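For reference, the structure is listed below as structure tokens.
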Amino acid sequence: MKQEDPKDFAQAPGDRLTRAAGKQLAIYALAAVAVLVAVMFVLNALAGLTSSAAGMSRMAVDVENNIITTYLRDEPPQMNSMLASDAVSGMVLAHVMEGLLRYGPDDELVGGVAERWQQEGNTVTFWLRDDARWSNGEPVTAHDFEFAWKNVLDPAVGSQYAFILYPILNAEQANNGEVPVSEVGVDAVDDRTLVVTLQTPIAYFERMVAYHTYLPVNEEFHRQTNGRYGADADEMLYNGPFMMTSWVHGASMQLEKNPYYWDAERIRLDGINYAHMTSDASTLLNLFKDDQIVIADLGAEMLEEAMLQGWTLNQFMEGTVFYTDFNHRPERLTSNLNLRKAMALVHDAGELVNRVIKLPGYLPGKSLFPVWLPGAEETFREEYPAQEYRRDITKAKEYLQAALDELGLDRLPPLVLLTGDTPVSRIQAEYYQEVFKRNLDIDLVIDAQIFRQRLEKMTAGDFDLVASGWGPDYNDPLTFGDLFASWNLNNRGRYSNPALDAQVRIAQSSLDMEERMRAFGEIQRIIHDDVIMLPDYERGYVYVTHPQVRGIRRHVIGAETDFTNAWIDAGE
Amino acid sequence: MENNPVIRRLRPADLEPLSSQSAAPLLVRPSRSYWQDAWGRLKSNKRALVSLYLIIGLLLFTFAGPLVWRVDPALQDIDQISVPPGADRGAMVVDPFVAWDNVSLDDGYQGGTGLSLAGDPTTQSVRLHWDAIPGASGYRVYRNNYPTQDADALGLPLLQINNTQQMYYEDRLDLRAQTYYYSVAALDESGQLTGDYESLQADVVRVITVNEVRARDLSDNPDALQPGDQVRLSWHPLGTDYLGRDMLARLMAGARVSLFIGLLAPLFFVAFGVLYGATSGFVGGRFDSVMMRFADFVVALPFLLFMILFQVVFGIGPGESGIVPMLIALIILSWPATARLVRGQILQIREEAYVSAARLLGASQNYLILRHMIPNTLGVILVTLTFAVPAAIFTEAFLSFIGMGVAPPTASWGSMCNEGLKTMLTHPHELIFPAAMISITVLAFNLLGDGLRDALDAKMRNTE
């Protein structure tokens, strides 16, 4: 191979070349920077143009236009009230739509489109007010409700929340395709009278009617949208306090006061600007600090600063109950009552919440029924206080020994704890792993899964213990009470007890509130005695609001953050 | 050549043989092997030497550390959660906690003093009771870390009471030995603040019960302890994490996982890469180009996607560690760089004159490989290895950070960083320590690799 020294070869011309190339390169670089700067200026100017064109304010509170700016936790999948199953859609729907009944500022049931209503046996009659209007000026009629409800129950529509209409006569059968939808017990007698026939008389139907699946839909308009109903701001008709004027998918949403709303005087804001769609706590806190949004939830690490800044902090109990469910299928070890009792005697929800999770707003769990649920007179938990296990390691070990004897084992094999992938559920799982290991020598294997995967495994029964949560759909203890009924598909541990089933039947069918509450009290006792699950906590939030905005409400049922009663206090 | 002065002056004596001369200058120095030479150069490189000591220290920390610091890394010290290093450990012994569900006013409290404390405020609980505030139809209890000045900023809301019967509250939420400012504010019918409130200062004392002292083995003679005695809680030199686990013990446990991956994976993939590259380079020709195209194909595989696929294929079940699939994925995906390097080196050496000469002299293939190829590529391989170690440690930390590595309660530096990140603002030590360990280790291995490359570079030989 011929060897050549490349250095000698290219030395002289290379020197000249690099100098010239260097000069050229510097000129290119300068030009590139100049172009970039120019582009940035242009983009900035454009951004300013578009935002002012859309009437957006850069501040959280626009006193001049009477508009507030806030955020949505997520992009709503769609705004079709018949299909919506998520909290974000539910929240926006509560602002732009109104059903027969709605919840007032203090969670009391008040008339919405219905002026008055009456239940006699299994017939419920709603009389609609004549000034309720759609946002195109047409009146809201009883036919709009009949159409929407029957549409929800149509098996071809496939609404996930169709079950919430099941108290209505033939609703379940129609949804399963056994009878035609026309057989469903909803009948618009005339434009202003809606008669609902129930399967059996129940006492809590009016509480369910406030749920967003019961909202009306204008049939004529729905037909015109060709299946795109609720997909965009102009693909919907509104009958609520506000109407959606723009919806930039994944980015923002603007609501404007609805001039056709029958009770428009009640609404004091002229518009709500959902300018951000994010659920990241620190982003939201920064937006709040920059005066870009009027409300923000606070994480534990932000409280110190919030106290230092002297912000007004509020607490909101979200209404969801979190608990550790056992797998009661007979082939599982957790179907053994003594084992469950042993674990219950080690479990300490107070320690979990106060020492480990440490998030303000969380309440130690004591029962399946959260504290806010209404009873007959007072709240349910005041009428029927929850029974609790106190930590007692000695007794727990005795129960464990009894369980081992019954099972014929020397030592328990590891148990699988199915849990979510959120920070709180991971901390909780690691804490349980250590607590049960140290006190009972039970090994827990943590199976952390994303929500959908976890749901799949829960349904398949692929767990021994599972961290579960249950949020209410309506304002009655039954929304929790039937959770462990043997026929309930959400009873993931497949617990089956005729005594509990009997109580659920009473709670479902009785019209006497006292009797129903007694049944729930009995259910609560069975859950405790049989250790069907271990209550962990009730979730709450600490949040901060803009000092100029008053009357923001947060509801357990309906709109989680409700601005319909809010107003701007420009006095300061 | 007639005018060459040297030839012209040549005399017959010049052609005489030389007699033995004792005065001939002798320039000799001890013969040094390649490795001795390299070691000498490495020793004179301060940075590399310090890195070497750091790595030795790290190995001691990992393997000898747990023998000295005998603390279970999974043990949760519920009394000391997220405690920074050097925190006060004194605690007062008290009676076991009894819930305060009903107002058992056994401290002689008769009412009339407004908001006041029932019993001493301790980390077990702070008990408040108050008199009815006129016009109130409910109360909200607040806790503040700063003195309360404004009715709008009373601090952290703890509980809302929607009736007027309950005029007591027991706070147990994450109490620490510090001063809190409690307030009780009156609510109107609709649950809004009326503006009336009362405040109170509480200096919380850290306490522990005798049972807890016994369970945590804090005293030699727990039975002799009386309420009011002082004990010292267990010592955590680097503080504790969000579940009260000892940071030092966890760092040591985490180091094992990190070094396991960090040393084993490079060892395997460098070994495979060397074999692959050497074969390819030595055989050459069509075989070489086919093998190298395959290496290119492997380079093109996305690492993260492969990791996830591996976890699926391996059927990594719940609670099982993802370390083995991570190791295998690292090996399978990281060898081509070494292979390419070694192939290039072999191709170069194959054309060297001394190899041709050896061939000409009839040297066998084995001799060529053992005598010329391997020793001449060893330097390159060693340098690759030292650079591959920090890369692998970093990959492990990264994968554990995004939750694809070890399963709890096993710790690794990456997963510790991931957990520490969540409390970065309030308890920075939970993030700083593992992050510092990763940084120092990676830096030390990189600097050592740098030094090795300089030391092993044959071209720098004898240039001191």
Side-chain angles (χ1 to χ4, degrees), chain A residues 1 105-106 282 299-315 317 350-351 353-356 358-364 378-379 382 388 390 393 414 416-418 421 423 426-427 429-431 433-435 437-438 444-449 457 462-463 542 547 550-551, chain B residues 72 74-76 78-79 81-82 97 99 101 123 125 140 142-146 148-160 162-163 171-175 181 189-193 211 215 242-245 317-320 351 353 356 403 407-409 418-419 422-427:
Chain A
M1 197 188 215
D106 298 319
S282 50
E301 67 279 4
M302 303 157 183
L303 292 173
E304 180 73 25
E305 189 187 347
M307 283 190 249
L308 185 67
Q309 303 267 357
W311 288 344
T312 308
L313 302 182
N314 288 290
Q315 190 192 22
M317 291 309 294
E351 185 174 270
V353 169
N354 289 320
R355 295 283 189 83
V356 178
K358 312 185 284 196
L359 287 173
Y362 280 55
L363 273 186
E378 304 289 320
T379 64
E382 279 169 336
E388 279 180 276
R390 295 237 174 276
I393 309 293
V416 176
L417 169 60
L418 183 60
D421 57 349
R426 288 203 77 113
I427 289 180
E430 285 184 51
Y431 162 74
Q433 196 176 37
E434 158 79 3
V435 160
K437 172 81 188 158
R438 202 141 303 266
L444 285 190
V445 176
I446 297 173
D447 183 6
Q449 299 287 354
K457 284 194 152 189
D462 195 2
F463 63 92
V542 170
R550 309 273 167 162
Chain B
D72 181 358
L75 179 72
Q76 295 174 5
I78 295 291
D79 301 316
I81 280 180
S82 296
F97 172 75
D101 283 346
T123 49
S125 68
R140 199 181 288 159
Y142 288 90
R143 184 175 85 188
N144 204 339
N145 290 356
Y146 301 95
T148 305
Q149 282 147 359
D150 186 352
D152 275 339
L154 297 174
L156 176 65
L158 294 171
L159 183 77
Q160 178 154 334
N162 288 323
N163 60 53
D171 178 26
R172 302 195 69 198
L173 178 73
D174 191 26
L175 287 166
Y181 301 87
E189 297 274 309
S190 61
Q192 301 296 301
L193 292 172
N211 276 337
Y242 63 99
L243 279 173
R245 296 177 291 202
E320 286 171 36
E351 304 299 333
S356 306
N418 182 15
E419 287 149 3
K422 287 161 200 152
T423 52
M424 187 175 73
L425 293 177
T426 39
H427 312 295

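Protein chains get the first letters and strands the later ones, always in sequence-line order, with residue 1 at the start of each. Treat the numbers as computed from the prediction; the structure is a model and nothing was measured.
No other option in A/R355, A/M302, A/E351, A/E434 has as many heavy-atom pairs under 4.5 Å with chain B as A/E434.
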* For A/R438 and B/L75, run side-chain contact (heavy atoms from CB on, under 4.5 Å): C-alpha distance rounded to whole Å, both residues' side-chain angles, the deciding distance at 0.1 Å, then the answer. => CA-CA 9 Å; A/R438 202 141 303 266; B/L75 179 72; 3.3 Å; yes

* **B/Y146/A/E304 under side chain to side chain donor-acceptor pair (under 3.5 Å): CA gap, chis, key distance, verdict** => CA-CA 9 Å; B/Y146 301 95; A/E304 180 73 25; 2.5 Å; yes

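How far CG of A/L303 is from CG of B/N145: 8.5 Å, rounded to the nearest 0.5 Å.
With sequence neighbours left out, B/Y142 forms a ring pair (Phe, Tyr, Trp, His ring centres under 6.0 Å) with no residue at all. Legend: residues meeting side chain to side chain contact (heavy atoms under 4.5 Å, CB included) with B/L243, ordered by chain and number and at least two apart, are A/V356, A/I427, A/E430, A/Y431, B/Q76, B/D241, B/R245.
The part of B/E419 that comes within reach of chain A is its side chain, from C-beta onward, which places non-hydrogen atoms under 4.5 angstrom from that chain. With a 4.5 Å cut-off on non-hydrogen atoms, A/L308 touches chain B through its backbone and its side chain both. Only the side chain of A/E382 comes within less than 4.5 Å of a heavy atom of chain B; its backbone N, CA, C and O stay farther away.
Considering B/D174, B/D171, B/L173 as possible partners of A/N354, the one that fulfils the side-chain contact (heavy atoms from CB on, under 4.5 Å) test is B/L173.
Annotation for B/A153 and A/G310: closest pair CB-O, 3.1 Å, computed over non-hydrogen atoms. A/M307 and B/N144 get closest at one heavy-atom pair: SD-OD1, 3.3 Å. Scanning both residues, A/K358 and B/S82, for their nearest heavy atoms gives NZ-OG, 3.8 Å.
Between A/K437 and B/D72 there is no salt bridge, since no side-chain nitrogen of the basic residue lies less than 4.0 Å from a carboxylate oxygen of the acidic one.
Looking at heavy atoms from C-beta onward, B/R140 lies in side-chain contact with A/N314 at the 4.5 angstrom threshold.
Heavy atoms from other residues, nucleotides or ligands lying under 6.0 Å from CZ of A/R426 number 12 at most.
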